[in-house]
S.K.: 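Have a look at the structure that comes next, please.
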Amino acid sequence: MAVHILEEAQRCLHCKVPQCQKGCPIHTPIPHVIRLMLDKKLDEAGWMLFENNPLTTVCSLVCNHENQCEGHCVLGRKGAPVHFSSIEHYISSTYSNKMVKGPAPSNGIRVAIIGSGPAGLTIAVILARKGYQVTIFEGKDKIGGVLRYGIPDFRLPKSVLDDFEYRHLRLKGIKVRPNTTIGGAIGIDDLFRDGYKAIFVGTGVWQPNALHIKGETLGHVHFAIHYLNNPDSFHLGERVIIIGAGNAAMDVARTAVRKGAREVVCFSRTSSVAASRHEFDYASLEGVTFLYNKAPVEIVDEGVIFEDVVEQPGGMFAHVEGSRALYPADSVIISISQGPRNRIVNTTKGIEVNARGLLVTDEEGRTTRPGVFASGDVVNGARTVVEAVEHSKHVAEAMDAYMRDLS
């Protein structure tokens, strides 16, 4: 692997105005990192990656590189771009194993992080570097949020998250309270009572969106976020229909194939898929088929009844009369995104949400209640991991400034 990585790194042109860096949402200093590696300064390159992005090992595997860093590489205009994702993964995973530095000197200020998804982990690491006493409250038994419970192991091995917990949480003195849901036995007010000076909410979007059509409650119908949480608890049968064609639908489809489904079909309302080309190509390669311009009308025991639709201006769809047809399936999985759960909002005064149930914040993550900050999917809806990291870096600085002003 190292030889391949070196050869790939040597292809970099070290552009004076690196378009790859512009294409990265968090502006990873790609040419500088590559130069350090080629100069045999691997540890410096790794340190630079982690300083810029605490989730660099994760992003190297799950980012939409084709539309970001690699999609902007000038070499990609006439040939293959420099595959920085592979370079980043090699550097970050190698350097991660050397990280043994303990926590920064404590400033004595407590910070609560609710949720250990991409946003919460980013905030936790950045504030711990500054000396804050950080406690993460996680509703599930392990850290990671959507990284662990929403992305299949073949895309993001759980070992990456386990290593992150040790290298970036335990070594930095960050405490984790698993199986602890804020808004139940413990609320926001309890956290302030116990001396937390600022609270970050990064609870993600775990409430699946429904189609609201007849048959949606039948026993062979499931939601994507539930299936990805624990695929082994589901028995889908041989024929699976997936309603939706985004990246989550690709994860569902590819997982179902690995779990023994013989026929997996994704249905899209539009004439294309919403998933990235990379995810679509791999799903197709693994035998997933796609049908377009189909809208579900009813789910029955035998499968799903779809109608043909025609896209109209303004994002509207016209149904084609007489086009109803039954598509057989043993199981149906609905994958049309998710929204937030409202446990914290329902148990806390002063925190506003918008019409979609997402937390209302300013650009720096301040909610409508002083001392409570938020970012990630619970603010912006379902987005990419690197977008959550980018936003959360700004929010961490705002939280730091807020707490310094208090003291």
S.K.: Check this for me: does any side-chain nitrogen of one of Asp377 and Arg383 sit under 4.0 Å from a carboxylate oxygen of the other?
M.R.: no
S.K.: Within the 3.5 Å criterion, strictly below it, is a donor on Glu311 or Thr270 matched to an acceptor on the partner's side chain?
M.R.: no
S.K.: Against the six-membered ring of Trp47, is Lys98 placed for a cation-pi contact (under 6.0 Å from the centre, within 45° of the normal)?
M.R.: no
S.K.: Quick one: SG on Cys12 to CE on Met37, what's the gap to the nearest 0.5 Å?
M.R.: 10.0 Å
S.K.: Do His278 and Glu66 pair up side chain to side chain, a donor and an acceptor below 3.5 Å, judged on atom types alone?
M.R.: no
S.K.: Start with the C-alpha gap between Gln21 and His27, add the side-chain angles, then the distance that decides, and say whether side chain to side chain donor-acceptor pair (under 3.5 Å) holds.
M.R.: CA-CA 5 Å; Gln21 187 168 330; His27 306 298; 5.9 Å; no
S.K.: Could you check whether the rings of Phe137 and Tyr196 sit parallel, tilted or perpendicular, using 30° and 60° as the cut-offs?
M.R.: perpendicular
S.K.: Should Ser85 and Ser60 be marked as a side chain to side chain donor-acceptor pair (under 3.5 Å) after you check the CA-CA gap, both sets of side-chain angles, and the distance that decides it?
M.R.: CA-CA 5 Å; Ser85 55; Ser60 69; over 6 Å; no
S.K.: Do Ile213 and Val297 have side chains that get closer than 4.5 Å, going by heavy atoms?
M.R.: no
S.K.: To the nearest 0.5 Å, what is the distance between CG on Leu127 and CD1 on Ile113?
M.R.: 6.0 Å
S.K.: Could you go step by step and tell me if Val378 and Trp206 meet the side-chain contact (heavy atoms from CB on, under 4.5 Å) rule?
M.R.: CA-CA 9 Å; Val378 76; Trp206 293 94; over 6 Å; no
S.K.: Regarding Asp162 and Lys158, does a basic nitrogen lie under 4.0 Å from an acidic carboxylate oxygen?
M.R.: no
S.K.: Quick one: does Asp163's side chain have a donor or acceptor within less than 3.5 Å of a partner on Val160's backbone?
M.R.: no
S.K.: Would you confirm whether Asp330, through its side chain, and Glu238, through its main-chain N or O, come within 3.5 Å as a donor-acceptor pair?
M.R.: yes
S.K.: Are any of the side-chain nitrogens in Arg129 or Glu51 under 4.0 Å away from the carboxylate oxygens of its partner?
M.R.: yes
S.K.: For Phe306, give me all partners under ring-ring contact (aromatic ring centres under 6.0 Å, His included), at least two apart in sequence or on another chain.
M.R.: Phe267, Tyr327
S.K.: Taking only residues two or more places apart in sequence or in another chain, which ones pass ring-ring contact (aromatic ring centres under 6.0 Å, His included) with Tyr227?
M.R.: Phe234
S.K.: Between Glu364 and Arg366, is there a side-chain N and carboxylate O pair less than 4.0 Å apart?
M.R.: yes
S.K.: Between the side chain of Arg11 and the main-chain N/O of Pro81, is any donor-acceptor distance below 3.5 Å?
M.R.: yes
S.K.: Do Phe50 and His168 have ring centroids that are under 6.0 Å from one another?
M.R.: yes
S.K.: For the pair Ser276 (side chain) and Glu279 (backbone), establish whether a donor and an acceptor sit closer than 3.5 Å, ignoring hydrogens and angles.
M.R.: yes
S.K.: Between Tyr149 and Asn230, do the side chains contain an N or O donor and an N or O acceptor separated by less than 3.5 Å?
M.R.: no
S.K.: Can you tell me if Arg262 uses its side chain to pair, donor with acceptor, with the backbone of Gly260 under 3.5 Å?
M.R.: yes
S.K.: Would you please test Arg258 and Glu286 for salt bridge (charged side-chain N to carboxylate O under 4.0 Å, His left out) and show each step?
M.R.: CA-CA 9 Å; Arg258 284 164 172 75; Glu286 293 169 13; 2.7 Å; yes
S.K.: Would Arg239 and Glu263 pass as an ion pair if we require N to O under 4.0 Å?
M.R.: no
S.K.: Just checking, is any N or O donor in the side chain of Thr384 or Glu387 under 3.5 Å from an acceptor N or O on the other one?
M.R.: yes
S.K.: Is there a donor-acceptor pair closer than 3.5 Å between any side-chain N or O of Thr56 and the backbone N or O of Leu49?
M.R.: no
S.K.: Both conditions, 6.0 Å and 45 degrees, for the charged tip of Arg254 above the ring of Phe154: are they met here?
M.R.: no
S.K.: Any donor-acceptor pair under 3.5 Å linking the side-chain atoms of Thr28 with those of Asn52?
M.R.: yes
S.K.: Is it true that the side chains of Ser116 and Glu138 contain a donor and an acceptor less than 3.5 Å apart?
M.R.: yes
S.K.: Taking atom types as modelled, find out whether Ser96 and Thr57 have a side-chain donor-acceptor pair closer than 3.5 angstrom.
M.R.: no
S.K.: To the nearest 0.5 Å, what is the distance between CG (Asp194) and CG (Asp189)?
M.R.: 11.0 Å
